[in-house]
Number of protein chains: 2
Amino acid sequence: MAKTIELHVEERKRGTRCCESLLKLQFDVEEARQLSTDLQALAHPVRLRILDILASNEGVVCVCDLQETLPVKQPTISHHLKLLRDAGLIDCERQGLWAYYFIRRDVLRELGTRVTQGLKALM
Amino acid sequence: MAKTIELHVEERKRGTRCCESLLKLQFDVEEARQLSTDLQALAHPVRLRILDILASNEGVVCVCDLQETLPVKQPTISHHLKLLRDAGLIDCERQGLWAYYFIRRDVLRELGTRVTQGLKALM
DNA sequence: AGAACGTATTGACAATCTTCGATGCATATG
DNA sequence: CATATGCATCGAAGATTGTCAATACGTTCT
């Protein structure tokens, strides 16, 4: 059970020096790193909008469609697509000249679960 | 309903040039930015671990406690604390020499809801 | 084969983020 | 008052990320 601040202050006044308390934790270092990696993959407006577009227009989205909507140039879009692909969140299928991108809902769901569980642990 | 890739390719072959399709969206620009800001606030291992510690040791955590546990120096911890404070996710109460930090579960819950809802929209 | 097109990659630059020594500030203690 | 302590801030350095012009690559169409 959590001690009160007042008790804590008293202990410290009595000479129990600062920082001897063993803190309780829920995440280990690796979990925190993983969760951070998950969040990083999502934490950019362009990437979020790409995911939104892919989620809402399944099967018919090529890079030039994205170019039309997003406020960045084509190499930048390709760059963010690559990051999302590396994270496993999207994939693509080439049809002639075009690359049709799609969302991998299974992977996104796993990530979503990790994020939601992680947040729940803090509340 | 989503068109198939094949139909899309056919249309483009017939001369309907690329990129005339109006994409469907769920997020507007502002929502994407907000969600990205929310995710950024969390997307660092040290900040996640700070939140974890504050969530698990309510009321008795001062900066030197964090220093004991985290792999970065005091100014860096203060820096991350400031970012979290600016995001509204934590706050502190000074008692003499010490600053006792605590988590603002209400704000965290709001952020968690936005994140969870945002993710759900993509699935 | 050659031209046109959609996309990926490269390379350079700019912006942002992370870290920490040095320092300042406020409070407590002798 | 002088000193010690805990924390915040400043300023600089390094690392990472985001952006885009230029270019390369593979495909399609003449």
Side-chain angles (χ1 to χ4, degrees), chain A residues 5 8-21 32-33 36-37 39-50 60-68 70-87 90-101, chain B residues 5 8-21 32-33 36-37 39-50 60-68 70-87 90-101:
Chain A
I5 291 182
H8 207 235
V9 170
E10 277 312 307
E11 282 181 4
R12 289 183 173 169
K13 278 191 184 154
R14 276 199 299 276
T16 309
R17 281 295 314 292
C18 203
C19 310
E20 297 189 352
S21 65
R33 214 194 315 269
S36 163
T37 301
L39 292 165
Q40 290 272 18
L42 301 176
H44 190 285
V46 168
R47 290 198 289 278
L48 283 173
R49 291 177 66 189
I50 288 174
V60 288
V61 181
C62 61
V63 177
C64 52
D65 291 323
L66 298 172
Q67 245 172 119
E68 187 191 9
L70 299 172
V72 290
K73 304 288 189 189
Q74 179 261 323
T76 304
I77 293 176
S78 271
H79 170 67
H80 288 295
L81 287 171
K82 180 161 169 39
L83 293 183
L84 290 171
R85 202 140 34 84
D86 290 347
I90 66 175
D91 205 346
C92 66
E93 178 186 344
R94 301 203 67 123
Q95 291 273 346
L97 281 179
W98 296 283
Y100 289 93
Y101 276 84
Chain B
I5 292 183
H8 208 235
V9 169
E10 276 311 309
E11 283 180 5
R12 289 183 173 170
K13 276 188 184 157
R14 275 199 298 277
T16 309
R17 281 292 314 291
C18 203
C19 311
E20 299 189 354
S21 65
R33 216 196 312 270
S36 163
T37 301
L39 293 165
Q40 291 271 17
L42 302 175
H44 190 285
V46 168
R47 290 197 289 277
L48 284 173
R49 290 177 67 189
I50 288 174
V60 287
V61 181
C62 61
V63 177
C64 52
D65 291 322
L66 298 171
Q67 238 168 292
E68 187 190 10
L70 298 172
V72 289
K73 304 288 189 190
Q74 180 262 322
T76 304
I77 292 176
S78 271
H79 170 68
H80 287 295
L81 287 171
K82 180 161 169 37
L83 294 182
L84 290 171
R85 204 142 30 86
D86 290 346
I90 67 176
D91 205 345
C92 65
E93 178 185 344
R94 299 202 69 122
Q95 292 273 347
L97 283 178
W98 296 281
Y100 289 92
Y101 276 84

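Each chain gets a letter, A, B and so on, in the order its sequence line appears, and its residues count up from 1.
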Practice problem: Let me have a per-nucleotide readout for nucleotides 14-21 of chain D, 5' to 3', with B, S or -, counting only protein heavy atoms under 4.0 Å. | Solution: ----SBBB
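A:Ser36 contributes no side-chain N or O that, together with a main-chain N or O of A:Ala32, makes up a donor-acceptor pair within less than 3.5 Å.
As rounded to whole Å, 10 Å separates atom P of D:dT28 from atom CD of A:Gln95. Atom-to-atom, CD of B:Gln67 to C1' of C:dC20 comes out at 12 Å; the value is rounded to the nearest Å. Look at CD1 on A:Ile77: it is 14 Å from P on C:dG6, rounded to the nearest Å. Rounded to an integer number of Å, the gap from B:Glu93 CD to D:dA8 P is 14 Å. Regarding B:Leu84, its CG atom lies at a distance of 11 Å from the P atom of C:dT18, rounded to whole Å. When the C1' atom of D:dA8 is taken as reference, atom OH of B:Tyr100 falls 17 Å away, rounded to whole Å. With rounding to whole Å, B:Leu97 atom CG is found 14 Å from D:dA4 atom P. Going from atom CH2 of B:Trp98 over to atom P of D:dA8 covers 14 Å, rounded to whole Å.
The distance from the CD1 atom of B:Ile90 to the CG atom of B:Leu83 is 9.0 Å, given to the nearest 0.5 Å. Residue A:Leu42 holds its CG atom at 8.0 Å from CG of A:Leu84, rounded to the nearest 0.5 Å. B:Tyr100 OH to B:Glu93 CD: the interatomic distance, rounded to the nearest 0.5 Å, is 9.5 Å.
Residues B:Leu48 and A:Leu39 form a side-chain contact, since some pair of their non-hydrogen atoms from C-beta on lies under 4.5 Å apart. A heavy-atom distance below 4.5 Å is not found between the side chains of A:Cys64 and A:Glu68. Looking at heavy atoms from C-beta onward, A:Arg85 lies in side-chain contact with A:Tyr101 at the 4.5 angstrom threshold.
Phosphate proximity of C:dA8 to A:Tyr101: present, with a side-chain N or O under 4.0 Å from OP1 or OP2.
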Exercise answer: donor-acceptor pairs, residues 70-81 of chain B side-chain atoms, under 3.5 Å, sequence neighbours excluded:
residue : atom : partner : partner atom : Å
B:Gln74 : NE2  : B:Ser78 : OG           : 3.4
B:His80 : ND1  : B:Arg47 : NH1          : 3.1

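Taking all atoms of both residues into account, the shortest heavy-atom contact from B:Cys62 to B:Trp98 is SG-CD1, 4.0 Å.
With axes fitted over five pairs at each extremity, the angle between the ends of the helix from C:dA1-D:dT30 to C:dG30-D:dC1 is 10° (10° resolution).
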